[in-house]
Amino acid sequence: MFYREVGEFKTSYPHDSGSFSIRLDKYGYYFILFIAFVVIPLMINDYWASAVLVPFLVWAIASLGLNILTGHCGQISLGTGGFMAVGAYSCYKLMTSFPDLNVIFCIILSGLITAGVGILFGIPSLRIKGFYLAVATLASQFFLVWLFNRFPWFYNYSASGQISTPERSVFGILVTGPNVDPWAQYMICLLFAFGLAWGCRNLTRGSLGRKWMATRDMDIAAEIIGVNLLHAKLSAFAISSFYIGIAGALFFSVYLGAVEATEAFGINQSFLVLFMIIIGGLGSILGSFIGAAFMVLFPVLLKNILVGWWEWDAAIATHLEFISVGILIIVFLIFEPHGLAQLWRLLKQKLRLWPYPH
Amino acid sequence: MVKENKSENALLIVNNIEVIYNRVILVLKGVSLSLPKRGVVALLGGNGAGKTTTLKAISNLLRSERGEVTKGTITYQGDLVQDLTPAELVRRGVIQVMEGRHCFEHLTIEENLLTGAFTRKEKNSDIKSDLEKVYEYFPKLKERRKSQAGYTSGGEQQMCAIGRALMSKPETILLDEPSMGLAPQLVEEIFEIVKDLNQKEKVSFLLAEQNTNMALKYSNYGYILESGRIVMDGPSKDLRENPDIKEFYLGMSEAGRKSFRHTRSYRRRKRWLG
Amino acid sequence: MQTLLFALEVSINGFMTGILYALVALGFVLIFKASGVFNYAQGVMVLFAALTLVGLQQGIVPFEHLINNLLGTSIHGFGWNMPTLLALLLTLLSMLLLAWLVERLILKHLVNQNPVILFMATIGLAYFLEGFGDLMWGADVKKLDIGIPVGISDTVEQATHEWFGYGFFIDRLDITASIVAALLVIGLTIFSQFSKTGRALRAVADDHQAALSVGISLRRIWVIVWSIAGLVALIAGIFWGTKSGVQFSLSLVALKALPVLMLGGLTSIPGAIVGGLLIGVGEKLFDFMIGSMIGGATENWFAYVVALVFLLFRPQGLFGEKIIERV
Amino acid sequence: LPWLSYRTGPYSAGGIPTADGFVDYFTLLNERDGGIGGELVKIIECETGYNTQKGVECYEATKGEGSLVYVPLSTGITYQLIPKVSVDQIPLQTMGYGRTSAKDGSIFEWVFNFPANYWDGASVAIKHVLDENGGDISGKKIALVYHNSAYGKEPIKTLEKLSEKHGYELTLIPVDHPGLEQKSQWLEIRRGQMDYVLMWGWGIMNSVAIQEAANIRFPMENFIGIWWSGSENDVIPAAERAHNYKSLTFHGVGTDFPLYDDLKTYLHDKGIGSGDGTSIGTVLYNTGIYNAAILAGAIRKAQEIHGVSDITPAMMRDGLENLVVTDEIMASWGLPGFAPPFEVSCENHGGDGLAMVKQWDAQAKEWNLITELISSDKEVINPLIMEDSTQYAAENNITPRC
Amino acid sequence: MEQVELANKNDIVMDIVNVTLRFGGVKALSHVSFNIKRGEIRAIIGPNGAGKSSMLNVINGFYTPQEGEIWFEGKRRPRLKPHQIAYQRIARTFQNIALFEGMTVLDNMMTGRMIYMKSGLLSQLAWWGKAEREETENRLVVEKIIDFLEIQAIRKTPVGVLPYGLQKRVELGRALAAEPLLLLLDEPMAGMNNEEKEDMCRFILDVNEELGTTIALIEHDMGVVMDLADRVVVIDHGEKIADGQPDEVRNDQNVIDAYLGVSH
Ligand SMILES: Nc1ncnc2c1ncn2[C@@H]1O[C@H](COP(=O)(O)OP(=O)(O)OP(=O)(O)O)[C@@H](O)[C@H]1O
Ligand SMILES: Nc1ncnc2c1ncn2[C@@H]1O[C@H](COP(=O)(O)OP(=O)(O)OP(=O)(O)O)[C@@H](O)[C@H]1O
Ligand SMILES: [Mg+2]
Ligand SMILES: [Mg+2]
């Protein structure tokens, strides 16, 4: 038995509802944090930062956000790209209008602004459900992107409609702009990702989280029990958009540095995030991270193998990438519809019973 | 051997099956039973004993719930049927009435009933006359024939599910908790229908029931299932006389029927097996 | 008066475009109605059908790039021009094969799963087909010509010129498409509303398990609807392909079909057509009348916003089945 | 030499021939001449699918491999890379796309966008219209149909300025990606009775636009596309109806150049050409060839300046900055008269902004050049460039170099 | 004990006056009036499709009747949303189990205490201060109910995989978690065998006697109804056909014809 919970006794309720009720989990978790906060910043280089780790963290934040809305509250949304755009453009406007404002605040404020927009577009969810809602959220996707593209005020009347991030630093360390060190870029995303994941964990184990899940599982019963559906759904939209807004702000200011609404926040991004949470596991925080890692890393990996090692034609490799991502999605769903996180849980359950099969 | 004798005229034989859900949860741990031709067999047991699972194993609906039969065999009329699709089984005359009123919500009651005849290739007029027969059994359904099933009451849905199964002209019906949620009068009617079909149309029944009293009254053989194992079986008459059954399943003590109001202390059930 | 005529012309054109949208939307409706699956891959199926048709017609060797790359050969086409009819037939066959494979390899394993999961699976399928189609037939633009007349219809122009003193420009392709779409919708409506299989389709959409239990073979039903959806995709592919050439972007027509779908209701075949018409006419008129005032390019979002607002009043779309809420 | 190609995605149709041309040219140099100055050129093709994020990934992945110069092939990716390359000190060359104000080499030290940019393009198109109308187009109605993105919006400012100067009426008509449906836009053009239509399109939008133009019987000779809206892909779906459609170009058309004979003998006859050979001589293939030829020229220049054959990105930059392309040099590349001569300098990274107009002959299925080189209206464009680059310099604290 | 005393006062918790409910052409309830007294167990019986569940839905606001009034705690109730009614401490269970399938037993029951949770967003986000305190307090109450219903072992199990009977028990637990004044039970014993019914009856009686909770109960098992109920109302085809003590009702000819059949 490598993995066990026997022999561990909880003496209080707070302890029992703690994040990691099994000791082994806790140590594994500390170990990962150690790697993430100490080891990686020491070893990181430009390629790893901007091709792998930073996008991974940014997408993980976006997945956390969407997971709150879709995984916990059960409202499928395809407006993620649009909300990320709100985050990015708010961040840009804040950074350029208030050059002295610390960029951390800019990012958080962008999250709040996005939350507001999220509430606005969440209102229809009170009446519209399921796939109808999913398609309806596309309205926000298209409308928001159009808006940012249309009104030059949003991009400070720049000739091309692109926005690009000015250089800003936190505690004297540059975090945005082209001269930023990879570790700083990584660290700021990591801090946000960690803080937000922790907040997400807290929210979802508390009463708000239960409200969302109740709404997801059976909204009528939830209402009869005393859940105000209006409040539950709108709060899910708000908080989810807050996360996604922050992801958008980081995406723009830290990761890419220059974006254009139509290209960077198109509908593909909305789908990408949806993939992440479904592959990772709906309603699971771990799943958001696994899903993001998978969707970011897999194409890079495949490309490096096919083009880098086997020297295949780049175009063929990309086609194969599409094919294999498609196949993998299907295989995962067939094998475990509840995502990679559930697979992990089942594995733990097996280990718990090990060496007995049942 | 008793078993062998039974299998002579047995229609359906379940031999020592094991069922696992999600590749980890072992639910049935070796269940064997047999349903004779024209028999009415009751499958009794507490909640979670595995009655539904057994029925689903027979009708092959398990796979769609991520469950599988990992051991043992199921034969119907001498053929192994484990690998048939549910549709093929229906064509062979085995149909299940699922627990919990699975009606097609958006279809009207009448359309629901008609889907029951999906596998039949007969003329429309035959099907029409069967439809009338079902309406005769359940006049309430006729009243509501044009309503969407999703909006009908619990009991009406239950009737609809049973009626739908009858529409396929089955030889064997696997009935899962038919009496659940039905008014007493109707419960009796349902069992009368069972008896009727059994005697007049030679339909065999495998009944999973909680209403032990009724089930034992209308069946000729019974199995008691506890935690995935058959713990007792015998002709219904005998089971009705068994003191344990009387106490735990029929709520009767030596002194006759006990009032629910007076079961003061919690009695832990005495288990037959571990 | 002039404006009115213009508006009328725009509406008629919108009407025709709407029908083209509806052709794509129909594929979605069919599959949703029959299995509760929201088939995201419908758009890519349109592309795939069109690609296959062109590929066969022009005698492109499947996977030629891959083969050349791996084996170092340089194969470039069979060098034939397949008769259109044969190519159509073979494409249809391959769509049927696709339906069969989808059932075999994907749906079969996902019986009784949450609709979201099935939806995701179709997204996986979309990814796969996208890569596969391009790998098989090449990613360059191909011209699709199966002899459908294109260009402005002179007859219409002359006729309207005589009546109004102003000639309407209407594409002959659109006229053909409208006729085909109308026939298709009539046929499909009859099939789904009045046949036994049609009823079974609706049953499957409601409850997989119960459908299984009454002996409906889910797998057969699925193959049937996916085949029909494949046929619809082929037809849509022909028209859209003729209109704009066959290449990757063709799969994006799906995005135009979604609001149509919502407006008409996910489960209604006539709804797809009515929705298509409303959206087609609406977005064209809006862009034409108001769009230029607020900066144009409103078509992408207008349809969605209209559908959204509409759904607020009727959450199941125009003709969709009411969502049953009971405890 | 990294090459950020896009042979997949919505714009693959344009990306494939360009990539083929580019790759073929260098393969030819390697095969025929044994590389440049004795150094074999290695092309690292990296697939972006026209997607910015993948572009960044490609950049980061390849910059460690001794990349001399980046050719991002996408305006979006260019914007992404401009700040990065100046930090990493690798030149970026964007031919006929990207950030126009990068022409100001004093501020954009590492970016080169010769021989012409979008603003030049806009101006050349208007000049062509002027020429056709005997120099007076006041009161004419000109519409700009553009891809609703950074790329498509580039010419707007120039066109607005020019309309002040020439007195024409400009109507802006955006088309959203992907542009499968443009009925209302074209009916609007019909209603507005536009005299000329300019188009900044890309991908499927081009071919749909040309078909729709034909549908409203818009006179094709009054329809002028930018160089990215003028490939065979765009006109072929409309067949004969695209006859007389015009588009700008800054390089020659067809295969009537000595280089193509070499391409045939050294590559395609040996079966080592990229692609299936059908794209040779198409507009975008030529673009690829031209782009490659210029880079090869710059490499030679760099080798010449620094006297080494194995050059670094910084040397490459010098090569680019001192690049002089004359007609003789073009001829020595096997491309006589293929493109205008130009000279790069510290102030001017953008060439002279010369372009020609070509017209589609649907019967012969070929493009014909119909004008001489037209030069853009520097009076209008240069101040605009100054304005934009100074703003950029201010935002990023850059002091002009020269 | 205070509540028991109140019960003795025989005052009326809820008065349903002349309620009519129609769905298009279907008349689910027509002019039904009855009352529920404090502390009693009030059974509602009737044939299938009579309108019993609809009655409960009217009481907790899910359906709005076309006619009629509902008086609760001596006040006429205005039109309210279901969740507002939940805050008046009316809780219920459902005929077709309506548990939150993706959540554990514990979470389901904690959801039942929704109406007592008031901590703010920030506190919850940080899991600090009020949120954490509140969680522990409410958890204590829920744990008591878990002990009472003897479902300690399945606390952390997702409810979706539980057998039917246990799900019903959890659902009862969820309703109890709200510490309701009025508890509505819709066929709590359907699908149970005798022994389990006995357990369930025990729970219901205990809740009623020890906590003084008023209960309205729909049930088809006449044994249960006759043994538990203080008063019974019978509905048939949406109309009230009888109302009174169990014994009276049992011998009412109308009731026998419409519902019980001969054998009872
Ligand atoms: N899909 C499933 N996944 C996992 N476990 C399941 C599943 N379905 C049933 N089980 C488990 O299998 C056991 C037997 O369930 P089953 O439904 O067969 O019992 P039953 O005898 O029909 O009970 P009831 O009288 O409540 O209907 C239960 O413990 C249940 O938790
Ligand atoms: N939302 C609704 N729309 C239409 N008809 C409805 C609706 N809800 C209930 N009905 C109808 O009202 C009648 C009463 O239904 P209700 O569910 O109250 O019955 P019930 O007494 O609970 O029966 P059962 O014992 O079978 O559960 C039924 O005929 C039902 O079809
Ligand atoms: Mg059961
Ligand atoms: Mg009821």
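Order of the sequence lines fixes the chain letters, A, B, ..., with proteins taken first and strands second; residue numbering starts at 1 for each chain.
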Would you indicate whether [X], at its atom [atom1], is surrounded by more than 12 heavy atoms from other residues, nucleotides or ligands within a distance under 6.0 Å?
{"X": "Phe105(A)", "atom1": "CZ", "result": "no"}
{"X": "Lys118(E)", "atom1": "NZ", "result": "yes"}
{"X": "Phe23(E)", "atom1": "CZ", "result": "yes"}

I would like to know whether Arg210(A) and Met117(E) meet side chain to side chain contact (heavy atoms under 4.5 Å, CB included); could you show each step before the answer?
-> CA-CA 11 Å; Arg210(A) 282 193 295 267; Met117(E) 306 271 225; 2.8 Å; yes

Residue pair Asp217(A) / Leu99(E), side-chain heavy-atom distance below 4.5 Å | no

Any Phe94(E) side-chain heavy atom under 4.5 Å of Ile220(A) side chain = no

With rounding to the nearest 0.5 Å, note down the distance linking [atom1] in [X] to [atom2] in [Y].
{"X": "Leu121(E)", "Y": "Ser235(A)", "atom1": "CG", "atom2": "OG", "value": "8.0 Å"}
{"X": "Thr93(E)", "Y": "Ile225(A)", "atom1": "OG1", "atom2": "CD1", "value": "10.5 Å"}
{"X": "Asp219(A)", "Y": "Phe100(E)", "atom1": "CG", "atom2": "CZ", "value": "9.5 Å"}

Relative to chain E, which of Gly283(A), Gly199(A), Ala214(A) shows the most heavy atom pairs under 4.5 Å?
-> Ala214(A)

Between Thr215(A), Thr204(A), Val227(A), Ile239(A), which residue shows the highest count of heavy-atom pairs closer than 4.5 Å to chain E?
-> Val227(A)

Could you look at Ile115(E) and say if it's the side chain, the backbone, both or neither that has a heavy atom under 4.5 Å from chain A?
-> side chain

Using non-hydrogen atoms and a 4.5 Å limit, figure out which bit of Met114(E) sits close to chain A: side chain, backbone, both or neither.
-> side chain

Testing the basics here: between [X] and [Y], what is the closest heavy-atom pair and its distance to 0.1 Å?
{"X": "Met218(A)", "Y": "Ala98(E)", "result": "SD-CB, 3.1 Å"}
{"X": "Arg174(E)", "Y": "Ala221(A)", "result": "NH2-CB, 4.5 Å"}
{"X": "Gly226(A)", "Y": "Ala86(E)", "result": "CA-CB, 3.3 Å"}

Highest number of heavy-atom pairs under 4.5 Å with chain A among Gln124(E), Gln84(E), Glu134(E) belongs to Gln124(E)

Identify which of Met110(E), Arg92(E), Lys81(E), Glu101(E) forms the greatest number of heavy-atom pairs closer than 4.5 Å to chain A.
-> Met110(E)

Kindly determine whether Asn202(A) and Leu125(E) satisfy side chain to side chain contact (heavy atoms under 4.5 Å, CB included), including the steps that lead there.
-> CA-CA 6 Å; Asn202(A) 284 342; Leu125(E) 199 62; 5.8 Å; no

